[in-house]
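Counting starts at 1 for both ligands and their atoms, in listed order. Keep in mind it's a predicted model, so treat the numbers as computed, not measured. We count residues from 1, following the sequence as given.
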Amino acid sequence: MWERLWQLLFPDQCHGCGRFGTLVCPVCIAQLERYGGDIPVCGAAHFTIAFVYAGVLRSAILVVKYARQRRLGSALGQLLAAQPWVSGDAVIVPIPGSSQRIAQRGYDQAVVLAQAVATSRHRPLSQQLVRVRQTTAQAKLNRRQRQQNVAGAFMWQGGVPPTQIVLIDDICTTGATIAAAIAAIHHAGPCQVHVVVLARGAK
Ligand SMILES: [Zn+2]
């Protein structure tokens, strides 16, 4: 009942155009630039990057990251789940963000995305991939520095990984973080890792 009252008082509004009814409307989704470029080499069995990090999607991701808009994060997760990639029998796994930034914002945006993907695709979610070392922000580093920065940053906790995993992340730039995450999973046991990313950032 409270949720209904809340919806009446504060109806959902599209982040892109302000239209009422959804957080990201179909018109704005149709205008997003699909990604068709190269895919980073990182040990993934399949790699899907849905969109280019630009326009409405870029500003929506930034709002989820810095302005505590968790529900918009879930809407982006649903958008990612609706894209044509195969989840099969895979377990959905987010690439965890840095704990400092999670503390600032109150949630991990990759986890919010992955939860929405898991729910939409009716797949289980696992958070056994953990960050064991904090890393500095990647934005100002070159490719080699990024690889060094994230090497050994992740660990798979709690035994052998499932046979198939779909790794979820919001932005991929060089793929260094994803490569480090996949290395950590493979270190724990054999596993086919598929990567599904919302947007490709500029290098
Ligand atoms: Zn819109």
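Shown here are the protein N/O/S atoms lying under 2.8 Å from the Zn ion (ligand 1), water excluded: C14 SG, C17 SG, C25 SG, C28 SG.
The two atoms that bring C42 and I178 nearest to each other are SG-CG2, 3.8 Å, heavy atoms only. The two atoms that bring L129 and I95 nearest to each other are CD2-CA, 4.3 Å, heavy atoms only.
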Using distance only, find each side-chain donor-acceptor pair of residues 29-36 under 3.5 Å and give its atom names and separation, not counting sequence neighbours.
from	atom 1	to	atom 2	distance (Å)
R34	NH1	Q83	OE1	2.8
R34	NH2	Q83	OE1	3.1
Y35	OH	D38	N	3.2
Y35	OH	D38	O	2.6
Y35	OH	D38	OD1	3.3
Y35	OH	R200	NH1	2.9

Enumerate donor-acceptor pairs with a distance under 3.5 Å from any side-chain N or O in residues 152-167 to protein atoms, sequence neighbours excluded.
from	atom 1	to	atom 2	distance (Å)
W156	NE1	G159	O	3.4
Q164	OE1	H194	NE2	3.3

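Each salt bridge (Lys or Arg N to Asp or Glu O under 4.0 Å) pair with one or both residues in residues 106-131, not counting sequence neighbours, would appear here, but there are none.
Proximity of a side-chain donor or acceptor of Q69 to a complementary backbone N or O of V63 within less than 3.5 Å is not detected.
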